[in-house]
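Below is one structure, written out as structure tokens; comments come after it.
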Amino acid sequence: GINAEYGGQYWSGIFCEDGSGTEQNSKKGFEYFNEVIQSENGFTLPAHYYLGIMYHEGHGIAQDYVKANEHFETFFSNEQSSNTIEVWEKRADNGEVLIQYRVGFIYKNGLGGFAKDLEKAVGYFTKAAEQGYSNAQISLGMCYENGEGVEQNLETAREWYTKAAEQGNKNALIKLEALEESQKPVATLSE
């Protein structure tokens with residue numbers, strides 16, 4: 001049926017976006033999610049959430065915070081997902097690593113009508129990072145690098161970026177290189 005067809009597109013979008021069982025291909029994931037939201041089916045709402053992330057992070061499409069927040073607002077304002085954050089927080093507290101990361105992401109960025117809460121974000125990122133989730137390790141590293149929700153600590157940031165990089169996360173390598181570059185002493189001209 002039609003729901004099975006769009007369900008297939010939804011899951012294909014997830015597999016392309018996070019690389020589960022297939023090569024990561026955010027652009028293809030973006031296309032799948034867009035097809036899903038243009039149909040009215042049971043997968044439309046979660047597709048809005050993923051499109052919000054993709055626009056926010058610039059995965060598969062140019063970064064656009066306005067469009068990201070529109071998708072998050074659509075997702076969180078729907079009565080079917082009105083208690084999503086409470087449900088996710090319970091699931092996160094029970095150790096679900098991907099949910100811990102999602103809740104941290106929402107609080108770090110103040111998305112979907114939720115107030116920005118950097119300390120809560122750091123708490124959720126830490127839980128997921130300690131379980132080895134590389135995207136959470138990068139997000140936690142960024143919090144330490146920029147002093148968001150925690151006291152700035154570049155060494156701790158470097159440690160989290162390194163853990164993510166050791167898992168093959170390319171974004172972690174970029175963060176590490178940028179951090180190293182920013183730490184190099186500025187050369188002065190001598191006369």
Side-chain angles (χ1 to χ4, degrees), residues 13-30 33 49-69 71-72 88 92 95-112 114-191:
I14 288 179
F15 292 149
C16 287
E17 172 56 12
D18 71 8
S20 324
T22 182
E23 186 178 334
Q24 187 168 6
N25 184 341
S26 295
K27 191 172 178 68
K28 192 73 179 157
F30 179 82
F33 289 133
Y49 172 79
Y50 280 102
L51 282 170
I53 289 176
M54 295 177 90
Y55 273 115
H56 192 273
E57 298 295 307
H59 291 180
I61 190 73
Q63 199 167 40
D64 186 329
Y65 293 123
V66 173
K67 284 187 179 177
N69 216 33
H71 284 288
F72 285 124
W88 282 2
E96 288 189 47
V97 69
L98 187 57
I99 302 296
Q100 291 166 339
Y101 174 70
R102 286 181 186 167
V103 173
F105 182 82
I106 289 162
Y107 281 126
K108 181 176 189 287
N109 298 290
L111 300 172
F114 294 95
K116 192 181 241 190
D117 188 330
L118 295 174
E119 288 181 15
K120 262 189 176 179
V122 167
Y124 285 110
F125 286 150
T126 300
K127 289 177 183 182
E130 287 173 347
Q131 291 191 69
Y133 189 59
S134 67
N135 287 336
Q137 291 169 337
I138 293 171
S139 294
L140 186 58
M142 290 169 64
C143 289
Y144 277 103
E145 181 177 358
N146 300 315
E148 296 174 316
V150 289
E151 189 175 324
Q152 186 179 39
N153 186 324
L154 299 181
E155 191 51 44
T156 302
R158 182 178 289 107
E159 288 170 14
W160 284 114
Y161 292 152
T162 300
K163 286 181 183 191
E166 287 169 350
Q167 295 182 60
N169 190 309
K170 291 177 184 163
N171 290 330
L173 292 171
I174 293 167
K175 287 290 183 190
L176 267 174
E177 287 174 15
L179 185 61
E180 297 302 324
E181 194 63 33
S182 72
Q183 298 298 295
K184 285 184 181 174
V186 178
T188 58
L189 295 175
S190 54
E191 293 182 27

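Heavy-atom basis, side chains included; hydrogens, waters and symmetry copies ignored.
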Least distance between heavy atoms, [X] atom then [Y] atom:
X      : Y      : answer
Ala172 : Ala165 : CB-N, 3.4 Å
Ala92  : Ile99  : N-CG2, 3.9 Å
Gly141 : Ala157 : O-CB, 3.2 Å
Gln137 : Trp160 : O-CB, 3.3 Å

So how far is it from [X] [atom1] to [Y] [atom2], rounded to the nearest 0.5 Å?
X      : Y      : atom1 : atom2 : answer
Asp117 : Ile106 : CG    : CD1   : 12.5 Å
Leu98  : Asn135 : CG    : CG    : 9.0 Å
Lys163 : Ile138 : NZ    : CD1   : 13.5 Å
Ile61  : Lys67  : CD1   : NZ    : 7.0 Å
Leu173 : Glu166 : CG    : CD    : 10.0 Å

Contacts of type side chain to side chain contact (heavy atoms under 4.5 Å, CB included), residue Thr126, not counting sequence neighbours: Val122, Glu130, Leu140
Any side-chain heavy-atom pair of [X] and [Y] under 4.5 Å:
X      : Y      : result
Tyr144 : Gln152 : no
Gln183 : Leu154 : yes
Tyr107 : Leu118 : no

List the residues meeting side chain to side chain donor-acceptor pair (under 3.5 Å) with [X], not counting sequence neighbours, and say none if there are none.
X      : value
Gln63  : Tyr65
Lys127 : Asp93
Thr156 : Asn153

Would you call the rings of Tyr49 and Phe72 parallel, tilted or perpendicular, where under 30° means parallel and over 60° means perpendicular? perpendicular
Does the side-chain contact (heavy atoms from CB on, under 4.5 Å) test come out yes or no for Arg102 and Trp88, once each step is laid out? CA-CA 8 Å; Arg102 286 181 186 167; Trp88 282 2; 3.9 Å; yes
Sorted by chain and residue number, the ring-ring contact (aromatic ring centres under 6.0 Å, His included) partners of Tyr101 (sequence neighbours excluded) come out as Phe125, Tyr133
Pairs where residues 141-152 contributes a residue and the test salt bridge (Lys or Arg N to Asp or Glu O under 4.0 Å) is met, not counting sequence neighbours: Lys108-Glu148
side-chain contact (heavy atoms from CB on, under 4.5 Å), that's the test. Do Leu179 and Tyr161 meet it? Break it down for me. CA-CA 10 Å; Leu179 185 61; Tyr161 292 152; 4.1 Å; yes
Step by step, work out the salt bridge (Lys or Arg N to Asp or Glu O under 4.0 Å) result for Glu155 and Arg158. CA-CA 5 Å; Glu155 191 51 44; Arg158 182 178 289 107; 2.7 Å; yes
